[in-house]
Amino acid sequence: MPNRGESDSRKLLGRLRDTLAAPGDGQARLDSIAHHIADSMGTQVCSIYLFRDPQTLELCATEGLRPESVHKTRLRLGEGLVGRVARTGRPLNTANAPAEPGFRFMPETGEEVFPSFLGVPIQRVGEKLGVVVVQSRAAREFTEDEIYGLEVVAMVLAEMAELGAFVGNDAQPSTHRFPAMIRGLAGQEGAAEGQVWLHEPRVVVTNPVGDDPDKERARLTEAMAMLRRSLDEMLSTNAMPKGEGAEVLETYRMFAQSRSWLRRMMDDIERGLSAEAAVEKEQLQTRARLEASPDPYLRDRLHDLDDLAHRLLRILTGQGRDTGAEMPPNPVLVARNIGPAELLDYGRRLRGVVLEEGSVGSHAAIVARALSIPLVIHATRITAEALNGDTILVDGDTGIVHLRPEESVAAAFRDKIAMQAAAQSRYADLRTLPATALCGCRVELHMNAGLMGDLPSLEGSGAEGVGLFRTELQFLTRTRVPRRDELAAMYRRVLDNAHGKPVVFRTLDIGSDKVLPYMKPQDEPNPAMGWRAIRVGLDKRGVLQMQLQALIRAAAGRELQVMFPFIAEESEFTQARAMLMHQLEREGAMGHALPSGIKVGAMLETPSLAFASPAFFRACDFVSIGGNDLKQFFFAADRENERVRRRYDTLSTPFVALLAQIVDRCTQAGVPLSFCGEDAGRPAEAATFAALGLRRLSMRPASVGPVKALIRRIDLCALRGLIDAARDEGACNLRPVVTEYLARASA
Ligand code: PEP
Ligand code: MG
């Protein structure tokens, strides 16, 4: 038998639903809703405030306050009691409103005669929509039951607002109408303009009110069971990206099997909400609790909770990811996060990617880099702010995103894109020319790649070859280990598309920082320094052996260049090379055609290798400095940690001294040396490396043109002289001397 609170609540919700269904404009609906709420709750006042813009609340309807104040009375976010409710996202209940801290006297409303006040936020997940307030003449606090009742009503109002029920006659100001600037972090350089394409479109709840609680309860129970089944299935097939499976399962256990979560949703249904509105309401309230928790583990569960609620909502509403909407012509993907395989599916159609989470070293970032798509990460609230089709500007250099920009902002941005395009076309003239400096020193410029699709840019960029082909992506984007013949076919296509230009394949650099979906995750305290790259290859030989066989078969009759990542000591290189030689013998014995020549290199990514014996350097056919890793280990500064990753300068004297020493050691051993970290594509760094004697630089394709133009107008011997002099004089950092020289050379 439902109690009175429940049956009143259901009656009120029924009336709200009828209001939604009845013809009429937004203002008429809001007026009638305010009337019904006051009537049902037995209060003299009910007022509905909605956001006019992200900072301003406007009184949009009232029962009981002066009608003239509607659309006149406004409050800033955080101002007055209403502003406080909106800011905190929590109800405020008081018997004496004027005595509350922050109370703002609004004489135009005539509210001074109603001292008791209950305000409840109107919100959806990640989105503040407004505040609903009831007030009464009698000075009393509202009961728990009344607060609960108003929260249920607020949920229905939020869903109605989302459906556009209050639009018309200027009743509801739209929050998704205003320009927004979001400051995130640069993930991949470049600038793009396009239209938002949400990876996970927002679920629209069309029926926030449930007629029949039994039916809604059954729907929720069934949806929970389906959710459990689909999660079990996903976990058993390992179809989730790294780590996510375990975390979602854990969160699932925490919430889905938590009796209190279920019970609260059932209570909401009893009060008249539909199953989906109940899921949203509890998601909101559990979020608020988790956000306020001092326990970082619980706060980290927020996204898992969202993920779960989202899955439940999709089951309940039948709205999948595929909503039938058509992708706009210049899509910029907006997502909380995205796995590498999904990002690859979108591929080069995308103009840019903006993520709410992510990290520079994440798999998605690796793919975005391979696709050369501008990427911004840590763009707070972007998934709540953006709507499909909104105009969006992505600046991957600064990490700034403009949503629905003003025309002046868009125009300035377009100028920037046009300037970059013009610069690239100027570099196109240099495509076939060598990077020869004024002093006659010749520098080879190669490009880094990681996808088949990169190779067309080999021609366009003017690169002389592929100095680093990262082989992780083919492994990361599958749910099972790729087969040898698949890999061989892929590598063969890479070599075919290179049209005889050299390609250096780096064997798998995978480890606990880049866990493959089908690899058992190793819980390591410090994965970047853990069991990764060649360490895995030598300890668990199967995958590396298979990869080497695939490379040998792909290169049949052509030169094969292989380099092993993360060699920290000589013996690792010796063993890896022996493995390659053994596979060559084996392939030959099996009658497979062999490569016409083999070059085997080591990546120098740990400072230790710079101090290896002369015999090590002599044993290498080439050495390539993996500057990204070398720098992080030299300075002990995690390359993925935003706090420290830019803290130390590549051109600081100690790091340059290390590079100079490596150049000397390679020169003495007569072994070619290259540099293939991100720094090779930056002008001052590239010029310095070349001046130190590095004669091969490998970088992202878009950097080849600018670096070539730069090398061709400078004198590397002169620059070397300036660097040496500055070092002799005890300079701590060589950037000033290098940039000053480059500025003079460009003048
Ligand atoms: C490097 O460490 O510089 C490098 C090229 O390898 P990755 O960035 O793939 O670790
Ligand atoms: Mg590396």
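Order of appearance sets the numbers: ligands from 1, and atoms from 1 within every ligand.
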- Message: Side chain or backbone, does E472 bring an N or O within less than 3.5 Å of an N or O on ligand 1?
- Response: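 Such a contact does not occur with ligand 1.
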- Examine G627 against ligand 1 and note whether any of their N/O atoms are separated by less than 3.5 Å.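 Yes, there is a polar N/O contact under 3.5 Å.
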Considering the heavy atoms of [X], write down every atom of ligand 1 situated less than 4.0 Å from one of them.
{"X": "D629", "answer": "1 (C), 2 (O), 3 (O), 10 (O)"}
{"X": "G677", "answer": "3 (O)"}
{"X": "E605", "answer": "1 (C), 2 (O), 4 (C), 6 (O)"}
{"X": "L468", "answer": "5 (C)"}

Between [X] and ligand 1, which residue portion shows a heavy-atom distance shorter than 4.0 Å: side chain, backbone, both, or neither?
{"X": "L630", "value": "neither"}
{"X": "R639", "value": "side chain"}
{"X": "E678", "value": "neither"}

Are any of the side-chain nitrogens in [X] or [Y] under 4.0 Å away from the carboxylate oxygens of its partner?
{"X": "R682", "Y": "D679", "result": "yes"}
{"X": "R735", "Y": "E685", "result": "yes"}
{"X": "R577", "Y": "E572", "result": "no"}
{"X": "R720", "Y": "D715", "result": "no"}

- Message: Looking only at N, O or S atoms, which one in D629 sits nearest to the Mg ion (ligand 2)?
- Response: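 The atom in question is OD2.
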- Cationic tip of R535 above F566 ring, under 6.0 Å, 45° of axis: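 Judged by the rule (NZ or CZ under 6.0 Å from the ring centre, within 45° of its axis), R535 is not positioned above F566.
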- For atom 1 (C) of ligand 1, which of N628, N448, D509, I625 has the closest heavy atom?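 Answer by nearest heavy atom: N628.
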- Query: What closest approach, in Å, do L697 and A680 show between heavy atoms, and which atom pair accounts for it?
  - Reply: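 Closest approach of L697 to A680: CB-CB, 4.2 Å.
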- Message: Could you check whether Y648 and F655 have their ring centres less than 6.0 Å apart?
- Response: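 So the answer is no for these two rings.
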- Does the ring centre of F573 sit less than 6.0 Å away from the ring centre of F617?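 Not close enough - the centres of the two rings lie 6.0 Å or further apart.
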- Task: Please state whether the separation between the Mg ion (ligand 2) and some N/O/S atom of E605 is under 2.8 Å?
- Result: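 Of the N, O and S atoms in E605, at least one lies under 2.8 Å from the Mg ion (ligand 2), which means yes.
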